[in-house]
There are 2 protein chains.
Amino acid sequence: MTANPRGGRLTQAEIARIAGVSQATVSLVVNGRDEALTDDTRERVRAAIERTGYVANPIARVLAGGRNKLLGVHTFEKVFPLNGDDFYFPFLLGIEEEAESLGYDLLMFTSSGEQRRIFVDGRSRLNLADGALLLGRTPDMAEVAELARLGYPFVFIGHREIPGQALSYVAADYTDATAAVTRRLLELGHRRLAYLRLDAGGGQPGADRVAGYQLAARSARLGPAATPLWDVSGVDEAGAVLGDALDHGITALLVEQQILAEALAAACAARSVSIPADISVAVLGDTIGVRGSETDWSGFQVPKREMGAAATRLLIDQLEERVSRPHVESIACRPVEGSSIGPVKTPLAGGAAVPEPRRNRSITE
Amino acid sequence: MTANPRGGRLTQAEIARIAGVSQATVSLVVNGRDEALTDDTRERVRAAIERTGYVANPIARVLAGGRNKLLGVHTFEKVFPLNGDDFYFPFLLGIEEEAESLGYDLLMFTSSGEQRRIFVDGRSRLNLADGALLLGRTPDMAEVAELARLGYPFVFIGHREIPGQALSYVAADYTDATAAVTRRLLELGHRRLAYLRLDAGGGQPGADRVAGYQLAARSARLGPAATPLWDVSGVDEAGAVLGDALDHGITALLVEQQILAEALAAACAARSVSIPADISVAVLGDTIGVRGSETDWSGFQVPKREMGAAATRLLIDQLEERVSRPHVESIACRPVEGSSIGPVKTPLAGGAAVPEPRRNRSITE
DNA sequence: TCCCTGTACTTATAGGCATTAATAGATCAT
DNA sequence: ATGATCTATTAATGCCTATAAGTACAGGGA
C-alpha cells in the first residue's frame, strides 16, 4: 500500500477529504456506480484520484466482499523451472494476453516445495483473487476437489476429471488430433502401427490420445491386436523398440513424447534406417524436455497459447456471470504436416496381427 | 473466502462463541500469544478450533496488519514474448524463488501495447502491491521518475540512473566483468583488440561494459587508438567486420551480443578462420535472440537469477524497513572460461596503433 | 480497611472498502 | 403552505483480525 507523499496512507477517506465528499461517494465513483452522482461531484472525485494516483486496496476490497480484477494463477509445479523447460511458457503467454485485453492482472502464487499446495493450513490464498487458473502436469486432485466443493471459481487448463464433480476446464482435443494422425497414416497405406509412450503415458491427456488412436483404428477395421500400445520405460530403450518394430513389420509409429521420437531418430540414424522412407514416425504434441530438434516431425502441436487465452476468457466470463459454471471447452490441435511420415514402403497384405514384442514391451489393453 | 460447511462463516467470533470466550482471546491463542491465559481457557479454545477446523482468514489478517504481502512485477515489455525469447525468464526465476521463501506472492501487471506503461489515465496500478520490481530493456524513465517522486517503493533490476534522483537498483557489474575479460585477453598476449556491438550498444549496461574495456586497456597502457570500439549495424555485417579485423592484425574481439558472435563464427567458418587459434572471441553476456549455440563462448554470463533474487530481497528489506531507501546492489557476473579465446597466434611488437577500418565501421570515443 | 500489583480476560478500535438505510434538499402537485 | 416524490449524498454497518487499552478479580502488604 502506497504511502502518500504527505505521510498518511492513500485511502478512499483521503480522496474524499480532498474532493470534499464522503468516503462512500468515492467508493461509488471507483466502482462505476455513479449514475446517481452529479457530473460535478464525479469530476471532483476523479480529479482527486487522478492527482494522487489512488488505487483501491484489493485486500480491503475482497474483505468487503467486492471484486478486485485479479486472476490467480496456480501451478502445481514451479512456474519458472530451473531446467529451462518451457512447459508453462506458452500457456502463460495466452493467459497474459487475454487477461491484459480484458483488464485483469495476474496474481502468481508462490509456494515452496516441488509439489505446490493450494491449501496451507486448510485455507487457500487463492481467495485473494476473484478466480483462478490452474495448471500443472501433476495436480493434487484432492485439493482441486476441495476447491470445487467450496464453490471457488476456477478453470483448469487441461482435461481433468473428478468423479461426481463437474469441473470447468479448457482442453486440447487430443482424441480428435490423434485420430486424425492415425487416419492420415492409414491413408498412406500403413497397416501395421504401434503407439509408443514413455512411463505409461501422461495421465488424462495420454488416455485421450490413446482413445483417438484406437477410435481411428477401429473405424478402419483394425482390431486391438493390429494396433498395439507399447509402454517404453526410458529413452535409452529406443534402439530396442525400433528393433522390435522393424522385426514385426511395423511401418508407422505414433509417439506420444517428442523426446522419445528424438531417441528413435538417433536409433534410426545408427542403423541407417530412414525416416520416413523406411518407417513413418508421428509425434503427438508432447514436447517435454525437448529443446530444439533436427527433425521436422509430423503430427500435431498442442495449442498451448490458445488454451491459456481460452481458459482466461472462460474464467472471466464465469466471474462476470456471462457463462454458467461449470463449463468445458475444447480446442483443436494444430496439425503439422512435417516430413517424418510418408507412404508405406512395401504394403503388406493386411490382416496379419502384429506379434508380441520380444522383450519387456508390454501391450496394454 | 471459505464457507463453513454448516453455512455460516467460520470466524474467530464463531470459535469464541463455541468456547465461551471473546474473539480477542481466540486471536491470542491462534497467534500463540497466550502466555497470560489459563491452561483451561487455552484448551477450550484449542478444542473448538480443532473440532471446527478453523484457520485464520489471511485476507483479514493482512488488512489488520497493513500489508498485503504482494510484490508487483512490472515489465516494460511483454513478460512472455511471442518469439520465445527467454530474456525475462531467469530474472523471474530468481524473483519467484526469493518471494516464495520470504512469504510474498507476485502480482504481475498486464498492460497493452509493446511499450508498457506504469501510469494509465494518470494512475498507477502498482499501488496494489506493497512494492514493485521493475524490469525492462527499454524503460520509460519519465514514468520511473514519477514513481520515485510519489515515494512508491520499487527496485529496478539493472543499472538505471535518473539525474538528480537516487534510485534503488540491483545491477550486474558489467564494468568489472568486462575489465576482467579484457585483462585475460591481454594476459594471453593480445595487443590488438576491438570491442564490437550491435546498434550502438544496449543503453546503460552497454556503457558500463565499454567502461570496463577501456579501464582495463588504460591500465595496460593501451591508448584509445589501440582499443577501438566498433559499432555494427546488423549481424549480416559480420563477414565484413571479420575481414576488417583480420586485415588490421586484430587478434581478439570483445563482442557485446552473443548473436553477433554467432554471426562472426559463421563468417569464420566460411573463411576457414579458426576460433580461437586464429582469432579470440569473447562474449559479454548479452544473449538476446539466441537459442542454443554450437560454440562454447568465453566471456561471462549475466547472473540474472541472482539479480532477480537480490532485487526481491532488497525490496522486501526496504518494505520491512531493514534497509534504508534508496539502495544499490552490485552482483558479480559469472566468468565463463569457454573455448573461444586462446593465446595470441603471432604476438606483434606492441605499440602500433590499429588503423581505421576501411568502411562504415565508425570508431566511437 | 484501603491501596497496590498482578493476573486473566474483555472491550474497543483500526485497517480500507462496499453497501444499505437514512437524510437533506429540491421539485412538484394540491 | 403542506405533504409527496425524487435526487444526490452521507452515516452507519459489516467483513475478520490483531492489538492496545481497559476491567474485574484475587491476593498481599500496610
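To find a chain, count down the sequence lines: A is the first, B the second, and so on, and within it residues start at 1.
Counting to the nearest Å, the C1' atom of C/dC9 and the CZ atom of B/Arg44 are 11 Å from each other. When the C1' atom of C/dG16 is taken as reference, atom CD1 of A/Ile59 falls 10 Å away, rounded to whole Å. For the pair A/Gln23 CD and D/dT10 P, the computed distance is 11 Å after rounding to whole Å. Between A/Glu14 atom CD and C/dC17 atom C1' there is a gap of 15 Å when expressed in whole angstrom units. In this entry the distance linking CD of A/Glu43 with P of D/dA8 reads 16 Å, nearest Å. Separating the CG atom of B/Leu63 from the C1' atom of C/dA18 is a distance of 13 Å, rounded to the nearest angstrom. Spacing between atom CZ of A/Arg61 and atom P of C/dC17 amounts to 8 Å, rounded to whole angstrom units. Rounded to whole angstrom, the span from the CD1 atom of B/Ile15 across to the C1' atom of D/dT17 amounts to 13 Å.
Contact between the side-chain N/O atoms of A/Thr41 and the OP1/OP2 oxygens of D/dT9 is found at a separation under 4.0 Å. Between B/Tyr54 and D/dC16, a side-chain N or O to OP1/OP2 separation shorter than 4.0 Å is absent.
In this model, a donor atom of one side chain and an acceptor atom of the other lie less than 3.5 Å apart for B/Ser168 and B/Gln318.
A heavy atom closer than 4.0 Å to some atom of DNA chain D occurs in B/Asn31, B/Arg33, these being the qualifying members of residues 29-39 of chain B.
End-to-end axis angle of the helix from C/dT1-D/dA30 to C/dT30-D/dA1, from C1' rotation axes over five pairs per end: 80° (rounded to 10 degrees).
Side-chain proximity of B/Ala24 to the nucleotides C/dA18, D/dC16, C/dT11 is greatest for C/dT11.
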Within the sub-3.5 Å range, which N or O atoms of nucleotides 22-26 of chain C have a protein N or O partner, and how far apart are they?
none

